[in-house]
Amino acid sequence: MSRAAAVWLPGTCGELVQGAIGGQPFLVSCPIDVYARVAVELAPGVPLVAPADAPKAAAALRATLAHCGAAALGGRLTLDSPLPRG
């Protein structure tokens, strides 16, 4: 049995303000009306397949699965975005 989830996240045009006031860090960004989609489909007994140009996303998924005690799960990680990665 496989399990799947997808999320859409807005892109941003960068940080407008970043700093700290009274020792409290803050960040103000400006979201734009362009979205990236991340999808994960997990299944037992198969390898984890991820885009070759997304090693940090693949490592984050592997670390999350290990933390949840599900390191034996594999599946597919898909990243779709009209924005350049960075």
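Note that this is a predicted model, so its numbers are computed, not measured.
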Exercise answer: donor-acceptor pairs, residues 41-69 side-chain atoms, under 3.5 Å, sequence neighbours excluded:
| from | atom 1 | to | atom 2 | distance (Å) |
| --- | --- | --- | --- | --- |
| Glu41 | OE2 | Ser2 | OG | 3.3 |
| Asp53 | OD1 | Arg85 | NH1 | 2.8 |
| Asp53 | OD2 | Arg85 | NH1 | 3.1 |
| Thr64 | OG1 | Ala60 | O | 2.8 |

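The side-chain hydrogen bond (donor to acceptor under 3.5 Å, both in side chains) contacts involving residues 42-52 comprise nothing, where partners must be two or more places apart or lie in separate chains. Applying the salt bridge (charged side-chain N to carboxylate O under 4.0 Å, His left out) test to pairs two or more places apart or on separate chains, those with a residue in residues 14-38 are Arg37-Asp80.
With sequence neighbours excluded, the residues that form a side chain to side chain contact (heavy atoms under 4.5 Å, CB included) with Ile21 are Phe26. Considering only residues two or more places apart in sequence or on other chains, Ser29 meets the side chain to side chain contact (heavy atoms under 4.5 Å, CB included) condition with Thr12.
Other members of the cluster containing Trp8 are Tyr35, with ILVMFWY side chains joined at under 4.5 Å, either directly or via other members.
Between Val38 and Leu77 the shortest side-chain heavy-atom distance falls below 4.5 Å. Proximity of Leu83 to Val34: side-chain heavy atoms (C-beta onward) are separated by under 4.5 Å at one or more points.
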